[in-house]
**Student:** 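Take this structure first; my questions come after.
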Amino acid sequence: METMRDRFGAVASRLLDEDPRVAVVLAEIGRDAFTDAARRHPDRLINVGIREQLLVGAAAGLSLTGMRPIVHTFAAFLVERPFEQVKLDLGHQDTGAVLVSAGASFDWPAGGQTHMSPGDVALLDTLDGWTVHVPGHPDEAETLLRHAVAAGDDKVYVRLSLQRNRLPRPVDGARFHPVREGRAGVVVAVGPMLDVVLAATEGLDVTVLYATTVRPFDATALRRATEAAGTDVVLVEPYLAGTSARAAAEALSDVPHRVLGLGVGRRELRRYGTLDEHLAAHGLDTRGLRERIGAFVGASAVSAWGVSAK
C-alpha cells in the first residue's frame with residue numbers, strides 16, 4: 001500500500017521538473033526516493049549529510065536567493081533537533097520553506113525515543129507565522145504539498161505519517177470540513193485520526209469535523225459547528241494531547257464551553273512495541289476514544305438507536 005512518504009518522493013520529484021524555483025534539501029534520510037531526480041537536477045537536489053542544523057540553515061539560504069526549498073527528514077530531526085535554526089534562520093530572518101517530516105509521533109517504534117516526535121506541532125506553536133498541514137491520506141498529502149509549495153514564501157510544515165485513513169477527503173489547505181452532524185458535542189479529528197474517530201463515535205449524536213490544516217486554526221468552522229451541536233468540544237490529535245486546546249478555547253472565548261484534548265500522552269513508553277500498541281497505550285484506538293469521548297459528552301450524546309457510549 002502506498003504511503004504518504006512514497007507519494008511525497010514522487011510529487012517532490014515532479015515539482016523539481018515543473019518549477020525552477022523548487023529545491024529539495026535532504027540530510028541523508030530519504031535520498032533513495034530522489035535518485036532519478038538527482039540526476040536530472042543535480043544543482044537543486046542537495047544532500048547535506050547527517051547535519052540537521054545545516055539542513056535548515058541551507059534551506060533558509062536558498063530561500064533568501066529566491067528559491068522555494070522543500071526540506072525533508074524525520075520529524076524529530078526536522079523540528080526538534082535543529083529548532084534554533086527553525087526559530088532564527090527561518091523565523092527571525094522571515095524566510096520561507098516547506099518542511100516535510102516523516103516518522104510522526106511513533107511511526108517507527110523500533111527506533112526508540114530518538115525517532116519519536118509527538119511534540120513537534122506544539123513546539124512549532126511557540127513560533128509565529130507557521131502553517132501546519134496534517135494529511136490523512138496520500139492523495140491529501142499531494143494536494144497539501146502542492147499547496148504549500150505554491151504558497152509564496154510562507155513557512156509551512158507538512159506532517160506525514162504511516163497512519164492513514166482508508167479514503168481521501170477533499171482538502172483545501174485552510175478549512176475544517178464537516179463529516180458527520182450531531183447535536184450533543186463536536187469532535188475535531190485531525191488527519192489520520194479520522195477513521196478511528198468515526199468508528200469510535202458511531203451511534204453518538206456528535207458532529208465530527210475533519211482537520212488537515214491545523215494552523216491557522218479554523219475558528220470559524222468550530223464556532224459554526226458548536227452553534228448546532230453545543231460547546232462540548234473534543235480534539236483528537238495524532239500528536240501531543242491538548243496541542244490545539246488553546247486555539248479552540250480562543251475560538252470560543254466569548255461563550256461557556258468545555259474542551260477535552262486527546263492525543264499522545266506525556267509519559268514516555270519505554271517498550272518499543274508496535275504502532276498499534278502505542279496508539280492503544282495512549283487511548284487513541286477505537287475503544288479508548290469511545291470510552292473517553294462518550295464519558296465527556298455524556299448520556300445526551302447516545303443516539304436514538306440506543307448505542308451505548310461505552
Side-chain angles (χ1 to χ4, degrees), residues 132-137 139-140 143-144 147 163-239 241-263 279 283-310:
V132 178
H133 299 308
V134 188
H137 186 277
D139 288 0
E140 298 168 7
T143 297
L144 294 171
H147 189 283
Q163 291 178 255
R164 53 170 289 175
N165 302 315
R166 188 172 62 89
L167 297 173
R169 303 271 176 168
V171 296
D172 59 13
R175 295 173 295 172
F176 297 173
H177 295 272
V179 176
R180 179 183 292 163
E181 294 185 353
R183 296 165 296 176
V186 178
V187 181
V188 179
V190 174
M193 300 308 302
L194 178 61
D195 280 1
V196 68
V197 165
L198 290 175
T201 58
E202 183 67 35
L204 299 184
D205 191 17
V206 295
T207 288
V208 176
L209 296 178
Y210 183 42
T212 54
T213 298
V214 295
R215 298 294 182 276
F217 187 87
D218 189 358
T220 300
L222 181 61
R223 286 185 65 91
R224 186 181 296 119
T226 60
E227 290 171 1
T231 55
D232 282 351
V233 176
V234 182
L235 305 169
V236 183
E237 303 175 280
Y239 33 78
T243 294
S244 295
R246 177 186 58 82
E250 289 179 355
L252 302 173
S253 61
D254 60 332
V255 295
H257 65 275
R258 297 192 305 155
V259 176
L260 174 65
L262 303 180
L279 289 169
L284 295 175
D285 58 347
T286 301
R287 178 177 180 180
L289 288 175
R290 188 167 186 82
E291 289 178 350
R292 293 190 289 173
I293 294 171
F296 183 72
V297 298
S300 63
V302 179
S303 77
W305 301 321
V307 179
S308 169
K310 297 276 184 163

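Start at 1 with the first residue, then count along the sequence. Just so you know, these numbers use all the heavy atoms, side chains as well, and skip hydrogens, waters and symmetry mates.
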**Student:** Taking atom CZ of Arg175 as the centre, report whether more than 12 heavy atoms of other residues, nucleotides or ligands fall under 6.0 Å from it.
**Tutor:**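 It does not: Arg175 CZ has 12 such atoms or fewer within range.
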**Student:** Under the side chain to side chain contact (heavy atoms under 4.5 Å, CB included) rule, what do Val187 and Val297 come out as? Steps first, then yes or no, please.
**Tutor:** CA-CA 10 Å; Val187 181; Val297 298; 5.7 Å; no
**Student:** Would you mind reporting whether Met193 and Leu284 have side-chain heavy atoms less than 4.5 Å apart?
**Tutor:**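 They are in side-chain contact.
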**Student:** So, the side chain of Arg292 versus the backbone of Leu262: is there a donor-acceptor pair under 3.5 Å, distance only?
**Tutor:** no
**Student:** Indicate yes or no for a side-chain donor-acceptor contact from Asp218 to the backbone of Phe176 under 3.5 Å, with no hydrogens or angles considered.
**Tutor:** yes
**Student:** To the nearest 0.5 Å, tell me how far Arg169 CZ sits from Thr143 OG1.
**Tutor:** 14.5 Å
**Student:** Ignoring hydrogens and geometry, is there a side-chain-to-backbone donor-acceptor pair from Thr231 to Pro256 under 3.5 Å?
**Tutor:**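 Yes: the side chain of Thr231 pairs with the backbone of Pro256.
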**Student:** Can you tell me how far the CG atom of Leu260 sits from the CD1 atom of Ile293, to the nearest 0.5 Å?
**Tutor:** 8.0 Å
**Student:** With side chain to side chain contact (heavy atoms under 4.5 Å, CB included) as the criterion, how do Arg215 and Thr243 come out once you've worked through the C-alpha distance, each side chain's angles and the decisive distance to 0.1 Å?
**Tutor:** CA-CA 11 Å; Arg215 298 294 182 276; Thr243 294; 3.9 Å; yes
**Student:** Which heavy atom in Gly136 sits nearest to a heavy atom in Thr212, and how many Å separate them?
**Tutor:**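 Looking at all heavy atoms of both residues, the closest pair is N-CG2, 4.4 Å.
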**Student:** Please give me the minimum heavy-atom distance between Arg258 and Phe296, naming the atom from each residue.
**Tutor:** NH2-O, 2.6 Å
**Student:** Which atoms form the tightest heavy-atom contact between Phe217 and Ala247, and what is the distance?
**Tutor:** CG-CB, 3.6 Å
**Student:** Can you tell me how far apart CG (Asp172) and CD (Glu140) are? Round to the nearest 0.5 Å.
**Tutor:**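 These two atoms lie 11.0 Å from each other.
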**Student:** Should Leu289 and Val197 count as side-chain neighbours, where that means a heavy-atom distance under 4.5 Å?
**Tutor:** yes
**Student:** Please confirm whether the backbone N or O of Arg183 pairs with a side-chain atom of Asp205, one donor and one acceptor, at under 3.5 Å?
**Tutor:** yes
**Student:** Donor-acceptor pair, distance only, cut-off 3.5 Å: does the side chain of Glu237 make one with the backbone of Ser244?
**Tutor:**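 Yes; at least one donor-acceptor contact below 3.5 Å.
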**Student:** Counting only N and O atoms by type, is there a donor-acceptor contact under 3.5 Å from the side chain of Arg180 to the main-chain atoms of Val206?
**Tutor:** no
**Student:** How many angstroms lie between atom OG1 of Thr286 and atom CG of Leu279, to the nearest 0.5 angstrom?
**Tutor:** 10.0 Å
**Student:** Looking only at heavy atoms, which two atoms of His137 and Leu167 are closest? And how far apart?
**Tutor:** CD2-C, 3.7 Å
**Student:** Do the charged groups of Glu227 and Arg223 touch, with an N to O distance under 4.0 Å?
**Tutor:** no
**Student:** Minimum heavy-atom separation for Ala174 to Thr213, with atom names?
**Tutor:** N-OG1, 3.6 Å
**Student:** So which heavy atom on Gly191 is nearest to which on Tyr210, and how close?
**Tutor:** O-CE1, 3.2 Å
